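Notes for the one structure printed next.
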Number of protein chains: 2
Amino acid sequence: MTEKQTFSISELASEFDVTTRSIRFYEDQGLLKPTRRGQTRIFSTTDRVRLKLILRGKRMGFSLAETKETFDLWDETLSGNEKQLLKMLSILDEKRAHIEQQKADIAMAELEINTREAHCREALAELQKKKQQHESTIEQPGHPAEQS
Amino acid sequence: MTEKQTFSISELASEFDVTTRSIRFYEDQGLLKPTRRGQTRIFSTTDRVRLKLILRGKRMGFSLAETKETFDLWDETLSGNEKQLLKMLSILDEKRAHIEQQKADIAMAELEINTREAHCREALAELQKKKQQHESTIEQPGHPAEQS
DNA sequence: GAGGAAGTTTACGTTAACGTAAAGTGGTTT
DNA sequence: AAACCACTTTACGTTAACGTAAACTTCCTC
């Protein structure tokens with residue numbers, strides 16, 4: 001009872017930090033299906049969820065076409081015969097494979113980032129040491145020289 | 001002594017399953033720097049590693065321009081002054097943030113895939129049950145009818 | 001020496017995912 | 001009623017990352 005049920009285009013745009021142009025484009029491509037009041041779009045909570053999925057899909061490397069496919073397929077699956085269900089299961093397997101690849105990529109990337117960071121910090125420490133040596137060579141601790 | 005040190009363009013292409021066109025494009029954009037024998041490209045193990053990084057970068061949502069930036073920056077960092085090193089560290093932080101986002105996305109995606117799979121399997125089980133009921137209604141276990 | 005395989009350059013074409021005007025609609029605030 | 005929103009449609013422009021075709025060189029083989 002306490003949750004918002006409908007959203008304007010600009011509400012969704014600012015919430016998810018995308019342009020209204022993008023949202024209209026997603027509708028145009030059949031990914032969102034807002035109703036209308038006059039000519040103004042009214043988005044449901046379902047649209048909101050789908051927008052979230054679209055954006056996450058993008059971050060995970062899925063094209064809009066792929067995301068639309070899974071949306072459509074899922075819609076069909078809901079009232080689904082056996083063939084549809086089995087197809088959905090096989091697609092879920094593909095997604096899982098994709099995810100496993102991503103996990104592996106991420107693990108490797110993390111390793112590299114860590115070794116690089118270590119390398120950087122070592123190099124910085126080296127520089128600091130040389131700096132201090134240099135300072136103690138040319139300058140004694142004390143008050144600065146008074147006017148040359 | 002036992003590892004290959006140089007590679008032709010088609011060797012790399014087939015190893016990483018990309019086209020030679022792509023590899024030439026990556027060179028064109030400054031991501032790879034093969035030497036030449038005559039006009040033929042000769043790729044080093046460094047190039048090979050970078051190609052691998054390019055492809056992983058793509059899978060993780062980095063553009064070629066971004067990947068090139070980190071390559072270049074890392075080259076500079078090797079002979080680096082303090083400023084370069086600090087910049088590299090801040091970029092490493094950005095990458096880490098990116099990775100954290102990916103991890104979160106992946107975790108959510110996995111959850112969804114699991115619930116969807118469960119849903120599919122339930123629906124399939126329902127269908128199987130109905131099928132069996134139907135079969136036992138219209139058909140008794142026994143030998144088939146002989147020629148109508 | 002004719003052909004074939006693997007390499008090259010040059011250059012125009014393509015697709016996805018929007019960006020960016022331009023021009024119009026509908027409500028409300030002054 | 002004038003001005004100002006937020007929203008709309010239509011339509012051409014843009015960028016990244018290659019695809020694809022054409023015409024050429026080298027080297028090897030038959």
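Chain naming here is simple, since letters A, B, ... match the order of the sequence lines and numbering starts at 1 in each. Remember, predicted model here, so these are calculated numbers, not experimental data.
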List, with names and distances, any nitrogen or oxygen atoms from the protein found under 3.5 Å away from nitrogen or oxygen atoms belonging to nucleotides 20-25 of chain D.
residue: D:dT20; atom: O4; partner: B:Arg21; partner atom: NE; Å: 3.0

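Residue contacts for B:Thr19: at a heavy-atom cut-off of 4.0 Å it reaches the sugar-phosphate backbone alone, with no base atom in range. Nucleic acid contact for B:Arg37: none, since no nucleic acid atom lies under 4.0 Å from a heavy atom of the residue. Contacts of B:Ser8 with the nucleic acid, taken as non-hydrogen atoms under 4.0 Å apart, involve only primed sugar atoms and P, OP1 or OP2.
For the pair B:Ile9 CD1 and C:dA6 P, the computed distance is 13 Å after rounding to whole Å. Summarising the geometry, the separation between CZ on A:Phe25 and C1' on D:dT9 is reported as 16 Å, rounded to the nearest angstrom. As rounded to whole Å, 16 Å separates atom P of C:dT25 from atom CZ of A:Arg36. We find that CZ of A:Arg24 is positioned 14 Å from C1' of C:dA21, with the value rounded to whole Å.
Against DNA chain C, the stretch residues 27-35 of chain B makes no heavy-atom approach under 4.0 Å. Within residues 40-67 of chain A, the residues approached by DNA chain C to less than 4.0 Å at the level of any non-hydrogen atom are A:Lys58, A:Ser63, A:Leu64, in residue-number order.
Under the 6.0 Å distance and 45° angle rule, A:Lys68 does not count as a cation-pi partner of A:Tyr26.
Note on A:Tyr26: every side-chain N or O is 4.0 Å or more away from OP1 and OP2 of C:dA17. Considering only side-chain N and O atoms, A:Ser10 lies under 4.0 angstrom from the phosphate OP1 or OP2 of D:dC7.
Proximity of A:Leu92 to A:Met88: side-chain heavy atoms (C-beta onward) are separated by under 4.5 Å at one or more points. Put simply, the side chain of A:Ile54 reaches to within 4.5 Å of the side chain of A:Leu32, judged on heavy atoms.
Around CG of B:Asp75, the count of heavy atoms belonging to other residues, nucleotides or ligands within 6.0 Å exceeds 12. By the 6.0 Å contact criterion, NZ on B:Lys130 is open, its count of non-hydrogen atoms from other residues, nucleotides or ligands being 12 or less. No more than 12 heavy atoms of other residues, nucleotides or ligands shown are found within 6.0 angstrom of CD on B:Glu69. More than 12 heavy atoms of other residues, nucleotides or ligands lie within 6.0 Å of CD in A:Glu76, so this atom counts as buried by the packing criterion. Atom CZ of A:Arg36 is surrounded by more than 12 heavy atoms from other residues, nucleotides or ligands within 6.0 Å. Around atom NZ of B:Lys129, no more than 12 heavy atoms belonging to other residues, nucleotides or ligands sit under 6.0 Å away.
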Would A:Ser90 and A:Asp93 count as a side chain to side chain donor-acceptor pair (under 3.5 Å) if you check the C-alpha gap in whole Å, the side-chain angles of each, and the deciding distance to 0.1 Å? CA-CA 5 Å; A:Ser90 90; A:Asp93 273 352; over 6 Å; no
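The side chain of A:Ser22 lies closest to C:dG19, out of D:dC18, C:dG7, C:dG19.
Side chain of A:Ser22 to main chain of A:Val18: no donor-acceptor pair is present (N/O by atom type, distance under 3.5 Å, no hydrogens or angles).
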